[in-house]
Amino acid sequence: MRVRVLGSSAGGGFPQWNCNCPNCDAYRKGSITLRARTQSSIAVSADQDNWVLFNASPDILEQIKSFPDLQPARALRDTAIKAVFLIDAQIDHTTGLYMLREHRQPLELWCHTLVRDDLMSGNPLLKVLEHYCGVNWHDVPLGGTGFSMADVPGLRFEALPLISNAPPYSPHRDRPQAGDNVGVTLIDIASGKRLFYAPGLGQMEPPVWAAMQAADCVLVDGTLWTNDEMITLGASAKTSRDMGHMPQSGPDGMIEWLDKLPASTRKVLIHINNTNPILDELSPQRDVLREHGIEVSFDGMEIEL
Ligand code: MLT
Ligand code: MN
Ligand code: ZN
């Protein structure tokens with residue numbers, strides 16, 4: 001399978017429009033050790049023709065422009081995006097659906113029923129879309145033998161519930177329910193290779209850990225370096241874990257967990273917040289990741305499995 005990172009940043013992107021944290025400020029002042037990033041999304045294909053989009057970011061039009069494979073130009077109106085999978089209902093993962101409203105048929109949309117509920121009520125995006133292309137909704141089964149998508153051949157998917165957080169507008173914000181955030185294993189049927197994808201991961205529970213151990217590559221939550229990063233900066237009163245993101249450093253942090261995976265597992269961070277010091281390629285924190293064999297994804301990165 002071919003995995004294209006369309007957007008490697010967390011909500012807000014990098015630089016964030018209203019932010020003057022050390023990273024955003026340094027980028028605007030011309031630092032060449034930080035690169036701009038759009039918001040969280042990947043596209044995946046087994047046959048190079050038919051792609052599934054994981055999350056529809058507010059930056060989707062820019063992301064499609066920078067990846068012409070998604071525009072094969074076979075007809076007056078055309079796309080290689082055959083399905084969209086939403087791992088949660090957060091703004092940074094869903095707003096791009098509005099930008100796909102010119103689609104000629106209803107969008108093939110995969111998300112858990114709790115995500116659909118949030119997108120029909122607190123943020124009624126799917127109701128608004130009914131006035132444009134509409135969606136053909138598919139529920140995401142959790143656990144079991146997984147599922148496939150008729151229009152995206154060669155791939156199989158296994159989803160499992162994660163503890164992260166529902167969006168602020170959701171009735172279950174801060175009370176995670178099984179399904180409002182999911183992690184997904186993507187399996188290339190021909191090669192058997194497995195990618196585990198979880199851009200929002202708040203706690204390492206046994207089923208998540210098992211899925212990570214079974215994967216050839218993990219593409220996981222790289223939001224914040226420390227648990228109190230946003231508090232220390234004065235940017236928010238919430239910890240990383242409050243927001244549903246395990247920090248990288250410290251006890252029970254992402255680095256500690258990734259260290260326990262086999263050396264052969266490729267370890268890549270995604271959904272990186274603009275405040276995270278790892279965005280600076282010359283930072284000591286980035287050196288720590290290098291020492292642990294952990295990569296930082298970037299817009300346009302490709303992973304072949
Ligand atoms: C998150 O990942 O915690 C959210 O997407 C933050 C946001 O964009 O509002
Ligand atoms: Mn997010
Ligand atoms: Zn910033």
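In each ligand, atom 1 is the first atom listed, and ligand 1 is the first ligand listed. For reference, positions follow the sequence shown, starting with 1.
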Practice task
Before accepting this row, confirm whether a basic side-chain N of the pair Glu295/Arg290 lies closer than 4.0 Å to the acidic partner's carboxylate O.
Solution key: no
Problem - Check: His112 ring centre within less than 6.0 Å of His138 ring centre - result: no
Handout entry: Expected output: side-chain Gln213 to main-chain Leu261 donor-acceptor under 3.5 Å
Key =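 No; judged by distance alone, with no hydrogens or angles, the pair does not exist.
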Exercise for the section: Could you tell me whether Arg77 atom CZ has more than 12 heavy atoms of other residues or ligands within 6.0 Å of it? Expected result: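 Counting other residues, nucleotides and ligands, CZ of Arg77 stays at 12 neighbours or fewer.
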Exercise for the section: Please answer whether the main-chain N or O of Gly253 pairs with a side-chain N or O of Glu256 as donor and acceptor at a distance below 3.5 Å. Expected result: no
Practice task
Distance to 0.1 Å, residue and atom name: give those for the protein heavy atom nearest to atom 3 (O) of ligand 1.
Solution key: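 Nearest neighbour among protein heavy atoms for atom 3 (O) of ligand 1, to 0.1 Å: His245 NE2, 2.9 Å.
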Completion exercise
Listed as residue and atom, the protein N/O/S atoms under 2.8 Å from the Zn ion (ligand 3) are Cys19 SG, Cys21 SG, Cys24 SG, Asn274 OD1
Exercise for the section: Please determine if Glu302 and Arg2 form a salt bridge, counting it only when a charged side-chain N lies under 4.0 Å from a carboxylate O. Expected result: yes
Handout entry: Region of His93 that comes within reach of ligand 1 [heavy atoms, distance under 4.0 Å]
Key = neither
Practice task
Check whether Phe196 and Leu155 end up in the same hydrophobic cluster, where Ile, Leu, Val, Met, Phe, Trp and Tyr are linked by side-chain heavy atoms less than 4.5 Å apart.
Solution key: no
Handout entry: Side-chain donor/acceptor of Asn227 to backbone N/O of Pro247, under 3.5 Å
Key =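 Judged by distance alone, no pair lies under 3.5 Å.
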Handout entry: Distance filter under 4.0 Å to Gly11 heavy atoms, resulting ligand 1 atoms
Key =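 Counting atoms of ligand 1 from 1, those under 4.0 Å from Gly11 are 8 (O).
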Exercise for the section: Could you list which atoms of ligand 1 come closer than 4.0 Å to a heavy atom of His271? Expected result: 2 (O)
Handout entry: Atoms named by residue and atom, protein N, O or S, within reach of the Mn ion (ligand 2) (under 2.8 Å)
Key = Asp92 OD2, His271 NE2
Problem - Any Asp92 heavy atom less than 4.0 Å to ligand 1 - result: yes
Exercise for the section: Distance to 0.1 Å, residue and atom name: give those for the protein heavy atom nearest to atom 9 (O) of ligand 1. Expected result: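 Protein heavy atom at minimum distance: Gln90 OE1, 4.4 Å.
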Handout entry: Row check, Phe147 ring normal vs Arg156 NZ/CZ: under 6.0 Å, within 45°
Key =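 Here Arg156 fails the 6.0 Å and 45° test against Phe147.
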Practice task
Give a yes or no on whether a salt bridge exists between Arg241 and Asp252, defined as a side-chain N under 4.0 angstrom from a carboxylate O.
Solution key: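 Looking at Arg241 and Asp252, the cut-off is met.
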Problem - Heavy atom of Gln39, distance to ligand 1 below 4.0 Å - result: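 Flag not set, Gln39 not near ligand 1.
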Exercise for the section: Please name all residues satisfying side-chain hydrogen bond (donor to acceptor under 3.5 Å, both in side chains) with Asp139, sequence neighbours left out, ordered by chain then number. Expected result: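 Scan of Asp139 (side-chain hydrogen bond (donor to acceptor under 3.5 Å, both in side chains), adjacent residues dropped) gives none.
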Would you mind writing out the side-chain donor-acceptor pairs for residues 12-19 within the sub-3.5 Å range, not counting sequence neighbours?
from  : atom 1 : to     : atom 2 : distance (Å)
Gln16 : OE1    : Asn274 : ND2    : 2.9
Gln16 : NE2    : Asn18  : OD1    : 2.8

Practice task
May I have the step-by-step check of ring pair (Phe, Tyr, Trp, His ring centres under 6.0 Å) for Trp110 and Phe54, ending in yes or no?
Solution key: CA-CA 9 Å; Trp110 293 76; Phe54 280 81; over 10 Å; no
